[in-house]
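First comes the structure, then the notes that go with it.
Chain letters run A, B, ... following the sequence lines, proteins first, then strands; residues in each count from 1.
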Amino acid sequence: MPEKLPRAFYLQDTVTVARALLGCVLWRRTGRELLAARIVETEAYLGANDAASHARRGLRSDRNQSMYLEGGHAYVYLSYGMHWCMNVVCQEADIAEAVLLRAAIPVQGIEAMRERRPKAKNDYELMNGPGKVCAALGIDKSCDGEPLDGDSLFLTGRDIEVREQEIAVSKRIGVENSGDAAHWPLRFFLLGNRYVSAYRHVR
DNA sequence: TTATTGATTGACT
DNA sequence: GTCAATCAATAAA
């Protein structure tokens with residue numbers, strides 16, 4: 001079992017964390033199952049000054065309060081009233097920056113993932129979207145605010161090499177109505193990787 | 001108080 | 001390409 005990422009990892013610049021998370025592995029234990037997924041797509045959300053963030057203008061609510069935790073915790077919220085999405089919280093407490101996990105490759109427990117994602121017709125559809133990552137791994141409200149070095153939810157470092165030139169950058173998805181922030185280059189993914197979301201647009 | 005809007009997904013034309 | 005599902009947060013009234 002690789003080492004869990006240390007707390008200091010999450011206190012780096014949030015864009016640095018978003019890039020560094022590519023290739024890292026997210027682990028989820030539910031009962032006797034231990035599931036693992038390699039992250040291949042992330043998006044950075046930069047707190048109060050980011051119009052696309054749930055914490056824009058310093059907004060606080062029951063939903064987003066875990067964004068204000070110290071780096072190294074999970075922020076899990078319900079998207080469109082239906083789908084859970086998971087963020088990795090960054091920065092010190094009260095700085096609401098986070099990285100959305102948008103896509104991953106199955107590493108362990110793929111059969112359990114297929115059961116949780118019956119609509120996936122092939123392996124690259126299991127977790128090629130933020131709601132699908134949470135569905136496949138059984139991540140829901142119970143994970144919100146949880147530390148990322150615990151027993152049921154944790155992250156370990158890269159188990160593959162990732163060169164800087166393999167990291168592609170684009171604007172974020174689904175935030176068109178956020179003014180200038182809609183165009184900020186804060187989405188990061190592995191170039192040409194079949195498991196990323198919206199693959200057809202960036203092949 | 002009511003209306004609008006999503007950090008999405010999947011079904012359908 | 002279009003659109004509905006479904007609900008919490010926010011904006012508007």
> Does the side-chain ring of A:Y45 lie flat on the base of B:dA7, meaning centres under 5.5 Å and planes less than 30 degrees apart?
Replying inline: yes
> With distance as the sole test, does A:D13 use its side chain to make a donor-acceptor pair with the main-chain N or O of A:T16 at under 3.5 Å?
Replying inline: yes
> When you look at CG of A:N122, are more than 12 heavy atoms from neighbouring residues, nucleotides or ligands closer to it than 6.0 Å?
Replying inline: yes
> Taking CG from A:N64 and C1' from C:dA8, how many angstroms apart are they, rounded to a whole number?
Replying inline: 12 Å
> Under the side chain to side chain contact (heavy atoms under 4.5 Å, CB included) test, which residues partner A:P2, sequence neighbours left out?
Replying inline: A:W27, A:T156
> Do you know the tightest heavy-atom contact between A:A51 and A:S178?
Replying inline: CB-O, 3.5 Å
> Do the charged groups of A:D151 and A:R29 touch, with an N to O distance under 4.0 Å?
Replying inline: no
>> Rounded to whole Å, please give me the gap between OH in A:Y77 and C1' in B:dT5.
In response: 13 Å
>> Looking at A:K121, I'd like to know if its NZ atom is crowded, meaning that more than 12 non-hydrogen atoms belonging to other residues, nucleotides or ligands lie closer than 6.0 Å.
In response: no
> B:dG10 C1' sits how many Å from A:M82 CE, rounded?
Replying inline: 10 Å
> Under the salt bridge (Lys or Arg N to Asp or Glu O under 4.0 Å) rule, what pairs show up with a residue in residues 18-28 of chain A, not counting sequence neighbours?
Replying inline: A:R19-A:E164
>> Whether A:N177 contacts B:dG6 is assessed here as follows: a side-chain N or O lying under 4.0 Å from the phosphate OP1 or OP2. Is that the case?
In response: yes
> Is a side-chain N or O of A:Q108 found less than 3.5 angstrom from the main chain of A:L34, in a donor-acceptor match?
Replying inline: yes
> Tell me: OH of A:Y80 to P of B:dG10, nearest whole Å?
Replying inline: 14 Å
> So, A:E41 versus A:S197: side-chain donor-acceptor pair below 3.5 Å or not?
Replying inline: yes
> Looking at residues 118-143 of chain A, who's got a heavy atom less than 4.0 Å off DNA chain C?
Replying inline: none
> Taking NE2 from A:H54 and P from B:dT8, how many angstroms apart are they, rounded to a whole number?
Replying inline: 9 Å
>> Please give the distance between the P atoms of C:dA4 and B:dT4 as a whole number of Å.
In response: 15 Å
> What residues form a side chain to side chain contact (heavy atoms under 4.5 Å, CB included) with A:L78, not counting sequence neighbours?
Replying inline: A:W84
Give each protein N/O atom lying under 3.5 Å from an N/O atom of nucleotides 2-4 of chain B, with the pair distance.
none

>> Using the side chain to side chain contact (heavy atoms under 4.5 Å, CB included) criterion, which residues pair with A:P106? Sequence neighbours excluded.
In response: A:I110, A:M113, A:L126, A:M127, A:Y195
>> Under 4.0 Å, counting only non-hydrogen atoms across every strand here, what does A:R172 touch: a base, just sugar-phosphate, or nothing?
In response: nothing
> By side chain to side chain contact (heavy atoms under 4.5 Å, CB included), which residues pair with A:P147, not counting sequence neighbours?
Replying inline: A:R7, A:H73, A:D149
> Could you give the CZ-to-P distance, from A:F189 to B:dA7, as a whole number of Å?
Replying inline: 20 Å
> Excluding sequence neighbours, so at least two apart, what forms salt bridge (Lys or Arg N to Asp or Glu O under 4.0 Å) with A:R117?
Replying inline: none
N/O-N/O pairs, protein side and nucleotides 11-13 of chain C side, under 3.5 Å:
unit_1	atom_1	unit_2	atom_2	d
C:dA11	OP1	A:R57	NH1	3.4
C:dA11	OP1	A:R57	NH2	2.8

> So what does the secondary structure string of DNA chain C come out as, 5' to 3', with Watson-Crick or wobble pairs under 3.5 angstrom, [ ] for crossing and | for pairs with another strand?
Replying inline: |||||.||||||.
> What residues form a side-chain hydrogen bond (donor to acceptor under 3.5 Å, both in side chains) with A:Y10, not counting sequence neighbours?
Replying inline: none
> Looking at DNA chain B, which of residues 83-93 of chain A put a heavy atom within less than 4.0 Å of it?
Replying inline: A:H83, A:N87
>> Using a 3.5 Å distance criterion without hydrogens, assess whether the side chain of A:N64 forms a donor-acceptor pair with backbone atoms of A:L59.
In response: yes
>> I want to verify a distance call: between B:dA7, B:dG10, B:dT8, whose nearest atom is closest to the A:R117 side chain?
In response: B:dG10
> When the distance from CG of A:D50 to C1' of B:dA7 is rounded to whole Å, what number comes out?
Replying inline: 10 Å
> Given side chains that start at C-beta, do those of A:P130 and A:E43 come closer than 4.5 Å, heavy atoms only?
Replying inline: no
> Given atom CG of A:L78 and atom P of B:dT9, what is their separation to the nearest angstrom?
Replying inline: 12 Å
> Any donor and acceptor pair, going by atom type alone, linking the side chain of A:D50 with main-chain N or O of A:A52 inside 3.5 Å?
Replying inline: yes
